[in-house]
Amino acid sequence: MKPSPILPGSTLGVLGSGQLGRMFALAARQMGYRIHVYSPESDTPTGQISDLEVTAPYVDLDRVRAFARGVQVVTFEFENVPSDTSRACAELVPVRPDGEVLHITQNRLREKMFLASHGFPVTEFRRIGSLADLEQAATDLGLPAILKTASFGYDGKGQQRITTREQLPTAYAGLGGTEGILEAQVDFGMEVSVVAARTLDGRFAAFPVFENAHSHHILDITMSPARIPPDLAWQAEVLAQGILDALGVVGLLTVELFVTRDGRLLVNELAPRTHNSGHLTLDACPTSQFEQQVRAVCGLPLGDVTLARPAAMANLLGDVWIDAGGTPRWTAALEDPSIRLHLYGKAEPRRGRKMGHLTAVADTIEEAILRVSRARERLVQG
Ligand code: AMP
């Protein structure tokens with residue numbers, strides 16, 4: 001029997017309390033849901049706009065169970081939640097996506113092995129458990145190559161580029177005794193992502209492909225539609241659908257892809273949630289990625305994901321506050337009426353910390369990029 005949808009008026013539980021949870025909570029509240037959030041921190045971006053903020057360690061399973069008893073479904077905005085935490089929730093309520101999706105995607109090695117074994121294209125990789133493994137892998141894959149920690153990596157954290165064999169011992173030491181993965185370096189022309197949703201009964205919807213430009217390994221600007229040929233965009237969407245189906249995702253999942261210089265797609269990473277690159281959907285699509293997550297985890301019909309006009313999003317890192325000498329010049333940025341400002345309610349700006357973003361929607365993608373970049377520059381100009 002098909003489970004009944006979780007209707008507005010119900011309470012949704014979120015594990016993790018950052019900006020992704022905040023924007024999910026805003027979308028959920030708009031639709032009449034209540035929000036409870038669980039994380040080890042207090043006064044968080046999500047907690048500030050939730051009905052209940054529980055501050056407790058993820059490993060405190062009694063608190064986790066008490067939290068789960070108060071909600072109709074649990075989702076997460078942060079995939080590095082321990083497996084035991086999602087398992088404890090799953091004893092009491094549906095967890096979407098489920099613990100198995102979390103388990104696979106929180107470890108790069110498991111994720112790549114899952115993808116490769118299901119025939120999805122990935123760069124060549126090897127498991128690294130010792131210096132001998134790394135030496136052998138460097139011979140097999142050639143250099144340069146990228147060494148990553150298998151767990152807890154994001155935004156390039158725990159990642160080293162190796163160009164010579166002399167660097168191998170130091171690079172191995174950098175893993176700090178944890179499991180690693182060596183990846184052949186991809187000669188890519190562009191990085192893109194597909195944010196897609198899947199329901200319990202297998203309905204699927206993908207947002208248009210996002211083109212992503214990084215700076216110091218952190219997403220800097222996203223634009224959509226990606227400037228790739230339509231057949232490649234179609235292939236990216238087909239790949240995403242295959243991956244969500246193979247994992248049995250109920251909810252959202254983001255597929256990060258490389259477009260190689262010879263025009264092939266390789267999957268870099270999966271995130272079982274909304275994604276920084278999808279923020280422009282808040283201003284450019286009838287349904288945002290956050291509303292889509294609400295719909296998918298609640299068993300409601302999925303919303304319209306069409307991109308109304310070309311759009312670009314620029315991240316605002318703590319650097320903007322520091323470079324502006326305290327308060328960014330908000331008025332100057334908003335002089336352009338096409339600019340929309342999103343801030344995440346974080347008190348302390350630090351270099352590299354995601355504090356907010358700007359979006360511009362325009363007639364052409366180039367104009368959207370120009371408007372959003374100029375607005376961000378105006379934030380720090382005297
Ligand atoms: P990740 O944390 O895996 O998303 O990696 C962060 C960034 O490092 C990516 O967005 C790429 O720009 C770069 N990168 C990661 N893996 C590779 C690879 N195998 N080849 C080339 N660049 C990579």
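Counting starts at 1 for both ligands and their atoms, in listed order.
Looking at residues two or more places apart in sequence or on another chain, you find no side chain to side chain donor-acceptor pair (under 3.5 Å) involving Ser86.
Residue-to-ligand polar distances keep Phe258 apart from ligand 1: every N/O pair is separated by 3.5 Å or more. For the pair Thr123 and ligand 1, the shortest N or O to N or O distance does not fall below 3.5 Å. Remark: ligand 1 and Gln185 share no N or O pair separated by less than 3.5 Å (distance only, no angle test). Not a single N or O atom of Ile146, backbone or side chain, sits closer than 3.5 Å to an N or O atom of ligand 1.
Here Arg350 pairs with Glu348 in a salt bridge; the nearest charged N to carboxylate O distance falls below 4.0 Å. By the 4.0 Å N-to-carboxylate-O rule, Arg22 lies too far from Glu77 to be salt-bridged with it. Ionic pairing of Arg87 and Asp98 is not present here: no N-O contact between side-chain nitrogen and carboxylate oxygen is shorter than 4.0 angstrom. A salt bridge between Arg353 and Asp319 is absent, with no side-chain N of the basic residue lying under 4.0 Å from a carboxylate O of the acidic one. A salt bridge between Glu366 and Arg227 is present, with a side-chain N of the basic residue lying under 4.0 Å from a carboxylate O of the acidic one.
Evaluated for a side-chain contact (heavy atoms from CB on, under 4.5 Å) with Leu270, the options Val249, Thr254, Leu247, Val101 yield exactly one hit, Leu247.
Contact atoms of ligand 1 toward Ala184: 19 (N) (distance under 4.0 Å to a heavy atom of the residue). For ligand 1, the atoms sitting less than 4.0 Å from at least one non-hydrogen atom of Asn268 are 1 (P), 3 (O), 4 (O), 16 (N), numbered in the order shown with element in parentheses. Each of the following atoms of ligand 1 lies closer than 4.0 Å to a heavy atom of Phe188: 12 (O), 21 (C), 22 (N). Every atom of ligand 1 with a heavy atom of Glu269 under 4.0 Å away is listed here by number and element: 1 (P), 3 (O), 4 (O). Atoms of ligand 1 lying under 4.0 Å from any heavy atom of Lys148, numbered from 1 in the order shown and given with element: 3 (O), 15 (C), 16 (N).
Comparing Glu256, His214, Glu191, Gln159 against atom 6 (C) of ligand 1, the shortest heavy-atom distance belongs to Gln159.
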